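The structure under discussion appears below in the form of structure tokens.
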There are 2 protein chains.
Amino acid sequence: MDKKRDISMAVIKRLPKYYRHLAELLRNDVDRISSKELSDKIGFTASQIRQDFNCFGGFGQQGYGYNVKELYNEIGKILGTDKEYNTIIVGAGNIGQAIANYSRFEKVGFNLKGIFDTNPKLIGVRIKDIEIEDVDNIDAFLSKNSVDIGIICVPANTAQKIADLFVSNGIKGIWNFAPVDLDVPEDVSVENVHLLESMLTLVYLMNEQKAK
Amino acid sequence: MDKKRDISMAVIKRLPKYYRHLAELLRNDVDRISSKELSDKIGFTASQIRQDFNCFGGFGQQGYGYNVKELYNEIGKILGTDKEYNTIIVGAGNIGQAIANYSRFEKVGFNLKGIFDTNPKLIGVRIKDIEIEDVDNIDAFLSKNSVDIGIICVPANTAQKIADLFVSNGIKGIWNFAPVDLDVPEDVSVENVHLLESMLTLVYLMNEQKAK
DNA sequence: TAGATTGTTAATCGATTAACAATC
DNA sequence: TAGATTGTTAATCGATTAACAATC
């Protein structure tokens, strides 16, 4: 486990992409791959790929390359996909509902346990066999159920309040879709999906291209 | 315009965050801010903030700091929010519908002009006064309408086909939600939102914390 | 064994931070 | 003017790339 320490964020952000490409190779029945071949496919340099993998120990074999299945499993373990995670969604608007219905997550071990909203029109509605509950019930729900990840899909002005609620109930992972930077203790991990910022990045890149 | 050249991706990715924080300051009627104060709020170092802004020219005033309104407008211009953009969404599933209904985009100048899907049950359905059309109509639609940004919300296996369709019709910006790396000419910009990868990053960070 | 490719060290490159002169 | 804070150069830090010995 100690190996995991001091891994740079640059490496961490590349891991899921390796994982995705290896899953694809696996589906295509590819047994082995060299860092050079993976480089051609994924776009990182072969040197970087070898450096990245060696942060976690040597998965390859000189003269041969990497065994796809083994590498896929190793990276899965590093990422934590060998475990299951219980999640709840707070905010059952457009994004919240889309995430709730997004079936790819279940397949990878994310189990949605609850959906919450403040809107009386939504409370009681069922999404995927889960009845949307009042946000006021979150505290009680979390004291009875073990939840690993809280997903925030509420507007910016209430997001911090929800995050505080998560933190006070011992949730250690927050997936945040609200356009704010959440303030949480350092042992709580936050991953943001800032859609408008992503769109603005695209617009910048387009205008930059046009100027060339 | 030449100033824009050679701006590193690290800087570009920070611009939307500056823009969001400045919008908030503006809403709170803050007139001026120093790099030090902005640093406390946004989390980047004061030095980095000044470096970033100076990539585009000096927006500040010695001894005073930055005028919030002016800085907000300047960054808006750099990002391209002073213009409007026509968009279409291909794939009217969970994510596609959520994006279509996400009202924050309209406010910032993104105008949704069309939604396309292959599912006969969805074709003809109206979302926000826009009737979902058959994907087969995209070509004809694009030859008649000026579209700046194509949004891909289809499954992985058809995403590249849609991207090709966009490219052949002169679209220069693609916002991609499909879990694939699209292959496009270099004058076409792609911004990815890879939800599963974002979630896996969160899971890694949580497990790393636990190991400490 | 010979060839191929890793694991790993060293060199380079780029991004961040520190420092301070310029100046409002 | 004195104080404050930028703009900018120099120093540091970290990440990527190159090179090659180890070894399958």
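Atoms considered below: every heavy atom in the structure, side chains included; atoms not considered: hydrogens, waters and symmetry mates. In the text below, chain A, chain B and the rest are named by the order of the sequence lines, each starting its count at 1. Model, not experiment: these values are computed from the prediction.
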Taking C-beta and beyond as the side chain, do B:Arg14 and B:Gln48 meet within less than 4.5 Å on heavy atoms? yes
OP1, OP2 of D:dT5 versus side-chain N and O of B:Ser35: anything below 4.0 Å? no
B:Gln48 vs C:dT16: side-chain N/O to OP1/OP2 distance below 4.0 Å: yes
Taking only side-chain N and O atoms of A:Tyr66, does any of them lie within less than 4.0 angstrom of OP1 or OP2 on C:dG7? yes
Atom-to-atom span, CD1 of A:Ile12 to P of D:dT16 - whole angstrom: 12 Å
Return the value, rounded to whole Å, for the distance between atom CZ of B:Arg50 and atom C1' of D:dA4. 11 Å
Please determine whether a side-chain nitrogen of the Lys or Arg among B:Lys41 and B:Glu24 lies less than 4.0 Å from a carboxylate oxygen of the Asp or Glu. yes
What's the closest nucleotide to the A:Gln62 side chain, out of C:dT5, C:dT17, C:dT8? C:dT5
Checking B:Thr201 against A:Glu191 for the side chain to side chain donor-acceptor pair (under 3.5 Å) test, could you report, in this order, the C-alpha distance in whole Å, the side-chain angles of both residues, the deciding distance, and whether it holds? CA-CA 7 Å; B:Thr201 303; A:Glu191 170 75 12; 4.7 Å; no
With DNA chain C as reference, determine whether B:Gln61 or A:Gly65 sits nearer its 5' end, using the nearest nucleotide of each. A:Gly65
Whole-Å distance between D:dA18 P and A:Ile49 CD1? 13 Å
Atom CG of A:Asn67 to atom P of C:dT6: distance rounded to whole Å? 13 Å
Using a cut-off of 6.0 Å, state whether more than 12 heavy atoms not belonging to A:Asp164 lie near its atom CG. yes
Rounding to an integer number of Å, can you tell me how far B:Glu74 CD sits from D:dT6 C1'? 16 Å
Is the NZ or CZ atom of B:Arg32 positioned over B:Tyr64's six-membered ring, under 6.0 angstrom from the centre and within 45° of the axis? yes
Of A:Met9 and A:Ser47, the one whose nearest nucleotide on DNA chain D sits closer to the 5' end is A:Met9
Measure CZ/A:Arg32 against P/C:dA4 and give the value in whole Å, please. 11 Å
Taking only side-chain N and O atoms of B:Arg14, does any of them lie within less than 4.0 angstrom of OP1 or OP2 on C:dT16? yes
Does A:Gln51 contact C:dT8 through a side-chain donor or acceptor facing the base, at a distance under 3.5 Å? no
d(CD1, B:Ile7; C1', C:dA15) in whole Å: 13 Å
Answer yes or no: side-chain N or O of A:Ser8 and base N or O of D:dA15 forming a donor-acceptor pair under 3.5 Å. no
Has B:Asn28 got a side-chain atom pairing as donor or acceptor with B:Val30's backbone, closer than 3.5 angstrom? no
Identified pairing partner of D:dT23, criterion: Watson-Crick or G-U wobble below 3.5 Å: C:dA4
Taking any heavy-atom pair under 4.0 Å as a contact, classify A:Phe44: base, sugar-phosphate, or nothing. nothing
Presence of donor-acceptor pair under 3.5 Å, side chain of A:Glu37 and base of C:dT5: no
Starting from P on D:dT17, measure out to NZ on A:Lys36 and report it in whole angstrom. 14 Å
Within less than 4.0 Å of OP1 or OP2 of C:dT16, is there a side-chain N or O belonging to B:Thr45? no
Who does D:dT9 pair with, Watson-Crick or G-U, both distances under 3.5 Å? C:dA18
